[in-house]
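Below is one structure, written out as structure tokens; the observations come after it.
In the text below, chain A, chain B and the rest are named by the order of the sequence lines, each starting its count at 1.
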Amino acid sequence: MTEIESHQPAYTNGNSSSTNGDHYKNADSGYGSQNSLPDFPRENDPTKEKSSNGNSKDAVFDEDDDIPWGQRVKKEKLKEPKPEPMDEDDDLLLKSSSEKKRDSSSSKKPKIEDDDDDDVPFIQTMAKDKAKKEKEDDDVPFVQIISKAKKETETEKKDKEKKKRKREESDNEEEYKPEKKKDKKSKSKGEESDSEDKKPKKQVKKEVKKENTTSVKRKKKEEEQEEVWEWWKDEPKSDNTIKWKTLQHKGPIFAPPYEPLPSHVKFFYDGKPMELTPACEEVAGFYARMIDHEYVTKEAFNNNFWRDWRKVMSVEEREKIIDLKKCNFAQIDAFYKEQSEKRKAMTKEEKEKIKIEKEAEAKLYGFAFIDGHKQKIGNFRIEPPGLFRGRGGHPKMGNLKRRVEPEDVIINCSKDSEVPEPPKGHKWKEVRYDNKVTWLCSWSENVLGLNKYIMLNPSSKIKGEKDYAKFETARKLKSRINNIRKVYRADWKNKEMRLRQRAVALYFIDKLALRAGNEKDTEEAADTVGCCSLRCEHIKLHEQLEGKDYVVEFDFLGKDSIRYYNKVPVEKPVFKNLKLFMENKAGADDLFDRLDTSTLNQHLSSLMDGLTVKVFRTYNASITLQEQLDELTNPKENTHQKLLSYNRANRQVAILCNHQRAVPKTHEKSMENLENKIKDKKKELKQAKTDLEKAREAEKEKVKKRVDRLKDQYKRLKINHTDKDENKQIALGTSKLNYLDPRISVAWCKKHEVPIEKVFNKTQREKFRWALDMADEEYVF
DNA sequence: ACTAAGACTTGACCTCAATGAC
DNA sequence: GTCATTGAGGTCAAGTCTTAGT
């Protein structure tokens, strides 16, 4: 019999379902982040000892540090709430003033060098003690930093040289120009409008200009290779339903065919080896490869797998294999593990060979030509078959995701382009010429029946333009937000329930950056919610909690079944309305029963062109970054310290958006290691200081340098430690990539003379090329 | 008006290679 | 050299929002 062991999951968050109470366990292991806009003092995470002693706002509770949050609440004296009719105007006036507070409170935020921890966001307080010690050694010379910077630029140089060599090698093979010519040819055929012609002309002009300069050759080569389409310098186009004029590409790369297992690798049924047909064996292999994963401990996963596996079995197999528990996949599992070990152990040459092959493939299939411009494709490989890995309590987890054949694939390209060839002996499902969409290929996935697409990379014009537009909409919201807030505040006392619900929901969306919360099919997806789909069971109302009035306690599973847990003081009319909405309802009833996302979005678009729920998330994320950067950055500090501030600002956004990440198992150990290093460094530094005192005059200078160097190293370690610790369960990447107007970061870098590479990696720089080019240090979101 | 499908963005997870520590 | 750690990049699921269909 196979061991279907109950392995410890590698990651612990996200997989709890709301029905079994698992997520409360998760909460105790540190997942409740307290998030709201920064103007709300962030409460300490009850689950972390470290965090509970830093924030003086919560000083009342210091004595209770070890008491679970829930119990603290009981300890609190419950003041009798004054039942006031919510419709009264003075009631609302009261809120307006607190709203004002919200707008100005941000200026109260402390600088990080400030010793006073009042108001420090909870995560920052975690490293408070250490940060304080750090302050002793405030004046550290720049020597080390400079030398490190040098090192980095040197490696970067090397890197560039390597790349250049590569480029030069490949330069002869493929030229971009012919494609351009082709494009022009097709244009001269008369299909294209002349307005479209403007863009390529501009580009050409630029190239010609360069040719007249001295170092023509190299520059030209580089330019051609990288081909930056500076679309943001072009006139904005009038019709954005047309996504392209010409589109040409090579189609997708399919998953390699299944390679049957070598004969010595056996599947065992009921203790006896059993030969499987290739189709059956392949699916068995999918399962075998997941044997270590938490998935195989889940009933739904096993059931779904079992059902689908049986479908691909031959009649004989189906007759014989009747119990999953009697299946032993151990040898198959071992075989695939061995394979991956082998891959790791390959020589440099072998690895290099594979790399080159992949690059060649990417060169051919990884680019499309849009309106004559070469553009990177995002995902040119079709998803391989496997078992569906739905997250949270997804009802379809473990279902077989079948292999996609060319016969499933629709190709989209322009009529006059070379239509990609299907693999030999195959046909495309369809070739269409739809320039109202941006995808190059599509197919329908069998588990949920949804369409999948091959689309362009974020660095492409098509994606970039949209991204740019997104941030422009968010900026427009900035100029309208006061008015919009006024509108929804007024609606809190609207006669119509539906409008009141809308107004309260909008308040949450604005204040907490919640997602919209579309309705979901419970048969097809995990039970997760957003704002509009919140149910009564997801919030608790506290007239008083932790010294604050009218606190709403949120606890629900959001996107990807990530838990959202937050206690938020709200304004009184909101609180009263919530009470009203929940009257005579059961836990599973919708909180906003008269509201859905389309109604809400319709309303929003009537308030401002292009406004949807999502825009609030973008707006709040970006404005938070900007405010936090202004507050946290100290121009006197060195680059490292500034970067810590940047990360902290970024982190505030990630907290707001509830972007969590699983804490790696190795985290504690890794922190311990760092702490040891810090201790060692401190000793070393102490020694050096003593040496300095004893040193003779001639040697003083030398020893002084050593002390300085050590000081710097010590400090850097500390910063590293702080940053890491604060970051342990917060993921910064998502917000950086999707919510933060990149121009804010670019401007900050310019203003504070921080190299942009420290903030955006290569991919991010490519995606945000438009922002790098556009923003100066004056840029204001 | 309502639902379903389609298109596109957002998001966590995962792999792998580079790097650093020893 | 080995091993652990990190970060980039890739993967693909899960959202949002729009559009099409009835």
Side-chain angles (χ1 to χ4, degrees), chain A residues 9-11 13-15 155 159 241 243 293-294 340 343-344 346 348 351-352 354-355 358 362 378-384 386 388-392 394 396-397 401 410 412 434 436-439 442 444-445 447-453 455-458 462-463 466-467 470 515-521 524-526 528-533 558-562 596-602 604-605 610-615 617-618 621 654 657-662 664 666-667 669-671 673-674 676-677 720 724 727 731-735 737-739 760-764 766-767:
Chain A
Y11 300 95
N13 74 330
N15 285 323
T155 54
D159 216 57
T241 63
K243 304 294 166 58
H293 202 282
E294 197 199 354
S340 102
R343 233 176 303 129
K344 270 183 216 156
M346 280 189 303
K348 258 196 178 150
K351 279 185 180 170
E352 187 65 18
I354 291 173
K355 208 177 161 189
K358 278 225 157 171
N379 55 326
F380 48 91
R381 286 171 208 281
I382 283 193
E383 295 171 17
F388 180 74
R389 299 163 79 112
R391 300 202 253 267
H394 198 115
K396 300 244 171 173
M397 62 170 82
K401 214 172 82 166
I410 303 172
N412 193 31
D434 185 354
K436 302 213 171 26
V437 295
T438 67
W439 53 266
S442 79
S444 173
E445 158 266 0
V447 176
L448 296 166
L450 303 173
N451 289 349
K452 297 268 188 168
Y453 304 93
M455 289 185 189
L456 293 175
N457 185 275
I462 278 189
K463 296 287 185 192
K466 210 125 183 253
D467 210 37
K470 172 180 81 185
R515 295 188 187 84
N518 284 306
E519 261 136 283
K520 292 176 78 182
D521 185 346
E524 299 278 311
T528 64
V529 296
C531 186
C532 293
S533 50
K559 183 178 178 179
D560 293 308
S561 296
I562 297 293
D596 60 65
T597 53
S598 74
T599 324
L600 182 52
N601 276 333
Q602 228 170 18
L604 290 177
S605 78
L611 187 60
T612 64
V613 172
K614 190 164 89 76
V615 179
R617 237 168 119 80
T618 313
C657 294
N658 202 35
H659 289 144
Q660 300 191 3
R661 69 164 176 201
T666 54
H667 179 84
K669 214 181 115 197
S670 151
M671 292 302 282
N673 287 342
L674 241 181
N676 286 336
K677 271 184 212 162
N720 194 271
K724 234 188 202 172
N727 230 9
L732 304 185
T734 302
S735 49
L737 214 55
N738 297 302
Y739 289 109
F760 288 150
N761 66 30
K762 190 174 134 256
T763 330
Q764 290 158 346
E766 271 173 29
K767 173 172 179 177

Checklist entry - Between the side chains of A:S442 and A:N451, is a donor N or O closer than 3.5 angstrom to an acceptor N or O? => result no
Next on the checklist: Tell me if the NZ atom of A:K351 is crowded by more than 12 foreign heavy atoms within 6.0 Å.
Outcome noted: yes
Item to check | Minimum-distance pair of heavy atoms, taken over all atoms of A:R617 and A:R515 | outcome: NH2-NH2, 3.2 Å
Checklist entry - B:dC14 phosphate, OP1 or OP2: any side-chain N/O from A:H293 under 4.0 angstrom? => result yes
Item to check | Candidates B:dT10, B:dA12, B:dC8 - which lies nearest the side chain of A:I562 | outcome: B:dA12
Checklist entry - A:Y739 near the nucleic acid: base, sugar-phosphate alone, or nothing, with a heavy-atom cut-off under 4.0 Å? => result sugar-phosphate
Checklist entry - Does a side chain donor of either A:S598 or A:N601 reach within less than 3.5 Å of an acceptor in the other side chain? => result no
Checklist entry - Parallel, tilted or perpendicular: which describes the rings of A:H394 and A:F388, with under 30° parallel and over 60° perpendicular? => result perpendicular
Checklist entry - Roughly, in whole Å, what's the span from CG in A:N658 to C1' in B:dA12? => result 12 Å
Checklist entry - Between A:K396 and A:E524, is there a salt bridge with N-O shorter than 4.0 Å? => result yes
Checklist outcome for this item: From CG of A:L732 across to C1' of B:dC13 the rounded distance in Å is 16 Å
Checklist outcome for this item: Assert: residue with more 5' nearest nucleotide on DNA chain B, out of A:D467 and A:K344, is A:D467
Next on the checklist: Taking the minimum atom-to-atom distance to the side chain of A:W439, which one of B:dA12, B:dC14, B:dA7 wins?
Outcome noted: B:dA7
Next on the checklist: Expressed as a whole number of angstroms, how long is the span from A:N761:CG to C:dA8:P?
Outcome noted: 4 Å
Next on the checklist: Rounded to whole Å, how long is the line connecting atom CG of A:D521 with atom P of B:dA5?
Outcome noted: 11 Å
Checklist outcome for this item: A:L737 atom CG is separated from C:dG10 atom P, nearest whole Å, by 12 Å
Checklist entry - Once each nucleotide of nucleotides 11-19 of chain C is scored for protein heavy atoms under 4.0 Å, what B/S/- sequence comes out, 5' to 3'? => result SSBBSBB--
Item to check | Value in whole Å for how far the C1' atom of B:dT15 lies from CZ of A:R343 | outcome: 10 Å
Next on the checklist: Does A:T438 reach a base, just sugar-phosphate, or nothing at all? Heavy atoms under 4.0 Å.
Outcome noted: sugar-phosphate
Next on the checklist: Check the phosphate of B:dT9 against A:K463, side-chain N and O only, distance under 4.0 Å to OP1 or OP2. Yes or no?
Outcome noted: yes
Next on the checklist: Distance check needed: B:dA7 P versus A:K436 NZ, whole Å only.
Outcome noted: 13 Å
Checklist outcome for this item: Between A:M346 and the options A:R343, A:K344, A:K348, the side-chain contact (heavy atoms from CB on, under 4.5 Å) test singles out A:R343
Checklist entry - Heavy atoms under 4.0 Å, any strand shown: does A:K243 hit a base, just sugar-phosphate, or nothing? => result sugar-phosphate
Checklist entry - Which whole-number value in Å describes the distance from A:N738 CG to B:dA12 C1'? => result 12 Å
